[in-house]
Amino acid sequence: MKRPGSVWEGLSSSFWFVPSLMTAGGVLLFGVTLQLEQLAPSDVSGLPVVFSGGADAARTVLSVISGSLITVVATVFSLTIVALQLASANYSPRLLRNVTSDRGVQAVLGVYIGTFTYSLLVLRVIRTPRDEAEPFVPIISVTAAVVLALVCVALLVYFIHHIASLIQSSTIVQRVRLDTLGAVARLDDLERSPVETGDREDSAEVRELLRGDPLVVRARDSGYV
């Protein structure tokens, strides 16, 4: 049975966990802005920063945002995977795992997918005068979608720069150094204060190994070193 710490580490370093949280955040933001539509005064549409178009214009804006975002995500990340495969062949196969577990890459993907989900949800509630129900244009929600689209444009520039930095040899060596220092620090902490929680057998084996005595370490899971 895996320890809670290892489960959390596996989730936080996975490629889908942070984007899933941000997608849920987009759904939550949709609920918040929809409530603000009911609470905002009627003259809020006169503000220069608020969307002032009609239902057709709002649908056009949201359709452009959602369609362009999913296209950018598919194109940019496909090209990124190709570049990483070429770089990993020259440096190390670990490079691909380092990139997929990188917080910056996960955050960019999460913001893009969250904005796409948010735009679709806002698009669903727009009603034109031709519809049977009363016309409704969520101007605050559309304004928030435009702001998120501008953020995505800025994140695209950051993402390209970030990926270019990650595949440089100096960055790869620096990350290996930091990972090694972190592993050494965890072994030193374990040697000074024995683990009181978790598998006692594992803790005893590690302490025997740290004392320098010969010890056979059995692999309980499949993997590689």
### Message
Does any part of the side chain of I113, heavy atoms only, come nearer than 4.5 Å to the side chain of M22, both counted from C-beta?
### Response
no

#### Entry: Within-4.5 Å side-chain heavy-atom neighbours: D102 and H162
yes

### Message
Less than 4.5 Å apart, side chain to side chain, heavy atoms only: is that true for Y112 and V76?
### Response
no

### Message
Hydrophobic clustering (ILVMFWY, side-chain heavy atoms < 4.5 Å, transitive) - are V32 and V50 grouped together?
### Response
yes

### Task
State, yes or no, whether a side-chain contact exists between F30 and R124 at a heavy-atom distance under 4.5 Å.
yes

### Message
Using the rule that Ile, Leu, Val, Met, Phe, Trp and Tyr join whenever any side-chain heavy atoms are under 4.5 Å apart, tell me whether I81 and L156 fall into a single cluster.
### Response
yes

### Sub-4.5 Å side-chain heavy-atom contact between V157 and H161
no

### Message
Do L62 and V151 land in one hydrophobic cluster if side-chain heavy atoms of ILVMFWY residues count as linked below 4.5 Å?
### Response
yes

### Message
side chain to side chain contact (heavy atoms under 4.5 Å, CB included), that's the test. Do T80 and V105 meet it? Break it down for me.
### Response
CA-CA 11 Å; T80 300; V105 176; over 6 Å; no

### Task
Mind telling me whether F77 and F159 have parallel, tilted or perpendicular rings, with 30° and 60° as the class edges?
tilted

### Message
If I compare all heavy atoms of Q168 with all of A164, which pair ends up nearest, and what's the gap?
### Response
CG-O, 3.2 Å

### Message
If I take atom OG1 from residue T115 and atom CG from residue L155, how far apart are they, to the nearest 0.5 angstrom?
### Response
8.5 Å

### Query
Side chains of S52 and I139: closer than 4.5 Å at any heavy-atom pair?
no

### Non-hydrogen atoms of Y118 and A144 that approach each other most closely
OH-CB, 3.4 Å

### Query
Does L120 share a hydrophobic cluster with V61, counting links as ILVMFWY side-chain heavy atoms below 4.5 Å and allowing steps through other members?
no

#### Entry: Nearest-0.5 Å distance that lies between atom OG in S165 and atom CD in Q174
13.0 Å

## Note on the structure
Rounded to the nearest 0.5 Å, the CG atom of L121 sits from the CZ atom of F116 at a distance of 10.0 Å

## Note on the structure
Between the CG atom in L109 and the CZ atom in F15, the distance rounded to the nearest 0.5 Å is 5.0 Å

### Query
Taking the side chain from E37 and the backbone from I140, do they hold a donor-acceptor pair closer than 3.5 Å?
yes

### Message
Checking side-chain polar atoms at under 3.5 Å, does T33 have a donor or acceptor matched by the opposite partner on S141?
### Response
yes

### Query
Can any side-chain N or O of R59 pair as donor or acceptor with the backbone N or O of I126 at less than 3.5 Å?
yes

### Query
Are V108 and L79 connected in a single hydrophobic cluster, I mean Ile/Leu/Val/Met/Phe/Trp/Tyr linked by side-chain heavy atoms less than 4.5 Å apart?
no

### Query
Roughly how far, to the nearest 0.5 Å, is the CD1 atom of I65 from the CD1 atom of I70?
13.5 Å

### Message
Please check: side-chain N/O of S66 versus main-chain N/O of S63, any donor-acceptor pairing under 3.5 Å?
### Response
yes

